[in-house]
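Inspection log for the structure reproduced underneath, given as structure tokens.
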Amino acid sequence: MTYTDFTIGAPIADTAAPEGPIETRWERRRFGVKLVNPANKRKMKIIVVGTGLAGGSAAASLAELGYQVSSFCYQDSPRRAHSIAAQGGINAAKNYRNDGDSVHRLFYDTVKGGDFRSRESNVHRLAEISLQIIDQCVAQGVPFAREYGGLLDNRSFGGAQVSRTFYAKGQTGQQLLLGAYQALERQIDAGGVTMYSRHEMLELIIVDGRARGIVARDLVTGETTSHLADAVVLASGGYGNVFYLSTNAKGCNVTAGWRAHRKGALFANPCYTQIHPTCIPVSGDHQSKLTLMSESLRNDGRVWVPQKGGDTRAPGDIPEAERDYFLERQYPAFGNLVPRDIASRAAKNVCDAGRGVGPTGLGVYLDFADAIARLGRPAVAAKYGNLFQMYQRITGEDPYSVPMRIFPAVHYTMGGLWVDYDLQSTIPGLFVVGEANFSDHGANRLGASALMQGLADGYFVLPNTIGDYLAGSRLTPVAHDAPAVVAAEADVAQRVETLLSIDGNRTVDSFHRELGHLMWDHCGMERTDAGLRKALDRIPELRHEFWSSVKVPGSAATLNQSLEKAGRVADFLELAELMCLDALHRTESCGGHFRAESQTDDGEAARDDDHFSYVAAWGYAGEGNAPVLHKEDLQFTYVHPSQRSYK
Amino acid sequence: MRLNLRIWRQDGPNDKGKLIGYRVDDADEDMSFLELLDVLNEKLILDGDEPVAFDHDCREGICGACSMVINGQPHGPQKATTTCQLHLRHFHDGETITIEPFRAGAFPVVRDLVVDRGAFDRIIASGGYISAPTGAAPDAHAVPVPKPQADRAFTAAACIGCGACVAACPNGSASLFLGAKITHLGELPQGQPERDSRVVRMVQAHDDEGFGGCTNTGECAVACPKEIPLDVISQLNRDYLHATTTRR
Ligand SMILES: Cc1cc2nc3c(=O)[nH]c(=O)nc-3n(C[C@H](O)[C@H](O)[C@H](O)COP(=O)(O)OP(=O)(O)OC[C@H]3O[C@@H](n4cnc5c(N)ncnc54)[C@H](O)[C@@H]3O)c2cc1C
Ligand code: SF4
Ligand code: FES
């Protein structure tokens with residue numbers, strides 16, 4: 001069964017955001033929400049799936065408000081959520097540098113950076129909340145970098161011309177997550193949160209049209225159990241691992257979101273993928289993941305390739321005059337600091353032209369020689385020491401003396417479950433926060449803004465908006481033997497049993513790798529009509545082969561990591577098809593979605609606002625049926641859409 | 001390159017477990033150590049065997065999930081390097097490598113190389129935080145923090161909670177882990193109000209979980225992939241002494 005076809009459904013609108021002046025929308029929304037009285041909060045139960053920045057901060061904050069929270073993660077500890085790996089920093093419009101920053105500028109930069117495919121209301125709120133996030137984290141003891149006077153240090157990051165990025169060496173995500181994790185542990189100790197580590201959500205439970213619980217598998221005992229609640233929050237992260245190789249942690253997956261999608265939640269803009277320009281290139285077939293080299297390196301490193309293709313001299317032997325600092329040449333205003341989508345594609349183009357470096361030809365140099373000459377080695381080491389070390393560990397080369405080799409890699413997914421201004425999906429009672437939702441970043445995310453969004457959602461937005469739903473819905477208790485619960489449990493058991501019983505001749509990883517190649521080739525940095533159609537032909541076949549010849553050893557009643565992977569890859573095999581379909585239907589280029597057919601004369605992305613200024617929210621129509629496209633029109637009142645230019 | 005592996009296999013917490021020998025013929029020096037296990041596991045699966053279970057996630061040395069004792073050393077031979085960041089260029093062709101789980105009374109084996117480190121979470125829950133409910137924070141610049149203190153707090157906060165320190169310690173003590181959190185929060189002005197109660201509760205939780213006492217062997221700091229300095233343990237002891245001998 002293949003489909004390159006879809007049907008158009010009714011348009012969709014975000015009715016939760018107030019109209020009127022953008023500066024006061026969030027304030028007015030907070031005033032407009034119904035409140036739950038404290039005595040009732042204690043009786044209400046909320047499930048939060050995920051303990052990253054979004055889920056950890058949400059679970060802790062909801063418990064502080066008095067709700068009973070159940071928190072889930074697949075790792076052995078909530079502290080290991082993938083947010084821990086974020087390196088570079090977190091944005092906030094504090095204007096501590098007096099360099100012209102403001103809430104409005106952060107709002108403007110983010111809408112523009114998202115290539116005019118995000119909602120103004122959401123982005124403005126994000127920029128406003130950014131101020132409080134830093135305050136909150138400092139109060140928790142997050143050890144941000146400081147200056148000698150004791151005040152917080154900032155740097156400019158990922159295409160911003162002001163210094164608004166707060167950081168903790170190259171470990172900002174770790175320190176922010178530990179702050180949220182410690183707040184979460186505090187609530188666990190206080191009895192407000194029940195923690196389910198090594199538990200994986202495998203199904204959403206819907207009763208009378210509302211999200212009322214999940215089915216989760218205890219990854220140690222193998223037991224699957226239903227957990228019931230008044231509302232469910234998904235904070236399950238992004239789906240970059242559909243590409244097999246990405247900078248995401250190995251366990252990152254789409255299962256929680258995809259299961260919800262199959263049960264009715266719309267999935268928005270699945271094709272918007274961020275390819276990060278500065279990652280360590282692939283070294284061989286055994287490669288299991290890609291490592292990001294923080295983008296902050298582009299503040300001091302210069303990107304270049306030899307002018308002539310096939311130049312095999314060592315980088316140090318290539319004279320200045322025979323080097324092409326292609327970003328500085330093509331984008332004199334921003335130079336090495338152009339946004340990610342632009343830097344990545346420029347690197348791809350020079351490699352496609354045969355000028356790439358390293359053993360595979362898929363790499364460009366990131367050179368610190370000038371920075372070392374200008375600032376001295378100790379200053380460079382103080383800024384980037386840990387990143388240099390990481391690079392050396394992986395490649396065996398010393399970046400102080402030989403330029404780094406970097407290549408773009410899949411890093412972040414802007415798409416995700418559709419949510420309204422309240423972060424509620426199209427299933428009442430199902431909220432989605434962090435990278436798992438589609439909000440705020442449009443078609444391209446700016447550096448240091450995912451951490452900001454995750455924490456904004458979890459600390460400040462959701463705790464304010466979820467009460468409106470809970471206060472406004474009269475929910476009756478659901479019994480563990482209610483038909484919807486029993487059916488969801490049975491579905492999970494059936495799926496697990498099927499996966500174990502196929503006993504074919506190919507491993508889960510081999511399917512995942514093949515899917516990844518296919519997606520990278522056809523739904524990666526550059527997409528074409530023909531390529532996407534090829535992928536859309538192959539994915540259903542691959543899925544069929546998976547379900548007839550995968551080999552999953554072991555049993556369901558123990559820790560079985562092959563089984564965990566199999567379930568995740570099965571869902572990726574479905575998501576991949578929707579991603580390609582979304583990419584095929586969007587014949588414009590925008591942000592991380594570059595359609596070769598839609599470019600300007602000088603090779604830049606050409607948007608088509610007349611036809612595509614909308615969010616593509618896809619509905620599931622059952623196995624084998626064409627998905628339904630619901631369009632949410634985007635209005636721009638404050639930032640006028642223009643062709644992005646970084647020249 | 002060709003490597004001989006002796007890997008600890010144990011079906012479950014109640015199984016006795018033993019070392020089993022395997023051979024990987026097509027290892028490559030650019031592979032990471034976990035990629036070596038991936039290659040072995042792919043082969044085991046196709047041969048109808050069960051793959052080796054091991055914890056891992058980020059594979060870039062920051063989540064703290066990976067946890068193996070390699071040739072007797074937690075995280076293996078390379079200084080300041082987690083298992084996932086260790087590459088095969090540090091081993092030689094034909095070498096025999098022994099791989100075991102992090103062993104400690106407080107870290108029961110779940111399966112093969114996977115252990116239960118839940119005790120670490122419970123230690124943090126007992127007091128490893130600053131009570132700052134969401135929304136209650138003053139402006140971030142309201143309280144300047146001198147850079148040396150901020151830097152020391154950061155150095156200690158870099159702990160990834162992997163447990164190598166415990167696996168390395170002859171007493172199975174988690175003092176380095178505990179001292180790191182005490183030092184991180186105790187260095188900061190925001191951490192002062194709870195400083196005494198924190199250390200008392202966390203030490204109690206540490207002992208209750210069955211971790212041993214510290215006898216200053218220093219093995220923990222040698223094994224620590226994040227180079228958490230040994231002086232965090234002195235800090236822990238000072239803070240504990242202060243909290244238990246004075247009343248504020
Ligand atoms: C290497 C790297 C560096 C980055 N650097 C930056 C940066 O400098 N600045 C920035 O702003 N952003 C950065 N990002 C992006 C940012 O880190 C992420 O977008 C963000 O942390 C996502 O947070 P989250 O809370 O949404 O999800 P995650 O942190 O991914 O957490 C997901 C959680 O969901 C759980 N989960 C998932 N599925 C299930 C399931 N089925 N059942 C149970 N639990 C489940 C997981 O256990 C985990 O707890 C970086 C990303 C990467 C990969
Ligand atoms: S102190 Fe070091 S060895 Fe111990 S848990 Fe922390 S990072 Fe791991
Ligand atoms: S897998 Fe995350 S630290 Fe090794």
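Proteins come first, then strands; the chains are lettered A, B, ... in the order of their sequence lines, and each starts at number 1.
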Interface moiety of B:V145 toward chain A, non-hydrogen atoms closer than 4.5 Å: both

Under 4.5 Å from any heavy atom of chain B - which part of A:S562: side chain

Under 4.5 Å from a heavy atom of chain A, the part of B:E60 involved: both

side-chain hydrogen bond (donor to acceptor under 3.5 Å, both in side chains) between A:S77 and B:R117, worked out: CA-CA 8 Å; A:S77 163; B:R117 289 168 288 186; over 6 Å; no

ring-ring contact (aromatic ring centres under 6.0 Å, His included) involving A:H512 - partner list, sequence neighbours excluded: A:Y244, A:F572

B:D57: which of A:R80, A:H82, A:Q75 passes side chain to side chain donor-acceptor pair (under 3.5 Å): A:Q75

Side chain / backbone / both / neither for B:D28 at chain A, heavy atoms under 4.5 Å: side chain

Beyond-backbone contact of B:K181 with A:Q182, side-chain heavy atoms, under 4.5 angstrom: yes

Check: A:E147 and B:K147 side chains under 4.5 Å, non-hydrogen atoms: no

Test: A:K94 and B:D139 ion pair at under 4.0 Å: yes

Per-residue contact mode, B:I45 against chain A (heavy atom under 4.5 angstrom): both

A:S83, part contacting chain B, at a heavy-atom distance under 4.5 Å: neither

Side chain, backbone, both or neither of B:R89 within contact of chain A (heavy atoms, under 4.5 Å): side chain

Side chain, backbone, both or neither of B:R152 within contact of chain A (heavy atoms, under 4.5 Å): neither

A:K289/B:D38 salt bridge by N-O under 4.0 Å criterion: no

Side chain proximity check, A:V220 to B:R111, heavy atoms < 4.5 angstrom: no

Interchain contact, B:P133 with chain A, by part (heavy-atom threshold 4.5 Å): both

Backbone of A:V142 reached by a side-chain donor or acceptor of B:H184 within 3.5 Å: no

Salt bridge (charged side-chain N to carboxylate O under 4.0 Å, His left out) involving B:E29 - partner list, sequence neighbours excluded: none

Which portion of B:Q78 sits near chain A, non-hydrogen atoms under 4.5 angstrom: side chain

Minimum side-chain heavy-atom gap B:F154-A:Q175 below 4.5 Å: yes

Segment of A:S283 engaging chain B (4.5 angstrom heavy-atom cut-off): side chain

Check: A:D189/B:Y129 side-chain N/O donor and acceptor closer than 3.5 Å: no

